[in-house]
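Reading through the structure tokens given below for one structure.
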Amino acid sequence: MPKVAKTKSGGRKKKDENAPKRCLSAYMFFSQEYRGKVKKENPAATFGELGKILGEMWKSMTDEQKKPFNLKAEKDKKRYETEKANYQATAA
DNA sequence: CTGCTGATTGTTGTG
DNA sequence: CACAACAATCAGCAG
């Protein structure tokens, strides 16, 4: 059962006052690194292809390949945790 | 207590 | 200027 692929164009939920954004996903770091690489191998590939290709290879990646990205994701999570703590501390 | 959904993050190219 | 697939992630809310 699909979780309804709704984009940011959907109904927004109420945002927090401090709004601790969110932690980047491993995919985000993955794109940052492969963004130029995939573009290099796919100069004619625009976002459409790039996005699909990237996602394809991403899943193709093993946990070892995602490791560096996961590490970054973990670190970013801590980053988010900090703003979250600050958000809760101030919001409290 | 448990789960679900909404919101967010980053990429680039195009209407 | 905002959004389009791609994946992940998490927090808050509702039953």
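Since the model is a prediction, treat every value here as computed from it, not as a measurement. Lettering of chains follows the sequences in order, A, B, ..., and the numbering in each one begins at 1.
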Hey, mind stepping through A:Leu50 and A:Asn42 against side chain to side chain contact (heavy atoms under 4.5 Å, CB included) and telling me if it holds?
CA-CA 8 Å; A:Leu50 203 105; A:Asn42 304 284; 5.6 Å; no

Determine, step by step, whether A:Gln32 and A:Leu24 satisfy the side chain to side chain contact (heavy atoms under 4.5 Å, CB included) criterion, reporting the C-alpha distance in whole Å, the side-chain angles of both residues, the deciding distance to 0.1 Å, and the verdict.
CA-CA 11 Å; A:Gln32 282 174 65; A:Leu24 277 76; 3.8 Å; yes

Tabulate protein N/O versus nucleotide N/O from nucleotides 13-15 of chain B, keeping only pairs under 3.5 Å, one per line.
residue: B:dG13; atom: OP1; partner: A:Lys39; partner atom: NZ; Å: 2.4

When you get a sec, tell me which of [options] is the closest nucleotide to the side chain of [X]?
X       : options               : value
A:Lys52 : C:dA11, B:dT9, C:dC6  : C:dC6
A:Lys66 : C:dC10, B:dG10, C:dA8 : C:dA8
A:Tyr80 : B:dT8, C:dA11, C:dT9  : C:dA11
A:Cys23 : B:dT8, C:dG12, C:dC10 : C:dC10

Rounded to the Å, how far apart are [X] [atom1] and [N] [atom2]?
X       : N      : atom1 : atom2 : value
A:Arg22 : B:dT8  : CZ    : P     : 8 Å
A:Lys40 : B:dT12 : NZ    : P     : 16 Å
A:Phe69 : B:dT11 : CZ    : P     : 14 Å
A:Lys78 : B:dT9  : NZ    : P     : 21 Å
A:Glu49 : C:dA5  : CD    : C1'   : 11 Å
A:Lys77 : C:dC10 : NZ    : P     : 5 Å
A:Met57 : C:dA8  : CE    : P     : 15 Å
A:Leu24 : C:dC10 : CG    : P     : 12 Å

Without swapping roles, check the side chain of A:Asp76 against the backbone of A:Lys72 for a donor-acceptor pair under 3.5 Å.
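No.
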
Check whether any side-chain nitrogen or oxygen of [X] sits under 4.0 Å from OP1 or OP2 of [N], and answer yes or no.
X       : N      : answer
A:Arg35 : B:dG10 : no
A:Gln32 : B:dT12 : no
A:Lys59 : C:dA7  : yes

Can you tell if the side chain of A:Leu71 reaches within under 4.5 Å of the side chain of A:Lys67, non-hydrogen atoms only?
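Yes. Closest side-chain heavy atoms under 4.5 Å.
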
Classify A:Phe29 by what it touches in the nucleic acid, base, sugar-phosphate, or nothing, heavy-atom distance under 4.0 Å.
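A:Phe29: no heavy atom of the nucleic acid under 4.0 Å.
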
Atom pair CE (A:Met61) and CG (A:Asn70), whose distance is rounded to the nearest 0.5 Å:
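The CG atom of A:Asn70 is 10.5 Å from CE of A:Met61, to the nearest 0.5 Å.
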
Mapping A:Gly55 and A:Lys84 onto DNA chain C by nearest heavy atom, which one lands closer to the 5' end?
A:Gly55

Please tell me which of A:Pro20 and A:Gly48 maps to the more 5' nucleotide of DNA chain C, matching each residue to the nucleotide holding its nearest heavy atom.
A:Gly48

State whether A:Tyr34 and A:Lys37 meet the cation-pi test: NZ (Lys) or CZ (Arg) under 6.0 Å from the six-membered ring centroid, and within 45° of the perpendicular axis.
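Yes - A:Lys37 lies over the ring of A:Tyr34, closer than 6.0 Å to its centre and within 45° of its axis.
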
A:Phe69 and A:Phe30 aromatic centres sub-6.0 Å
yes

Around A:Glu49, counting heavy atoms of other residues, nucleotides and ligands shown, do more than 12 lie under 6.0 Å from its CD?
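Yes, because the 6.0 Å sphere around CD of A:Glu49 holds more than 12 heavy atoms from other groups.
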
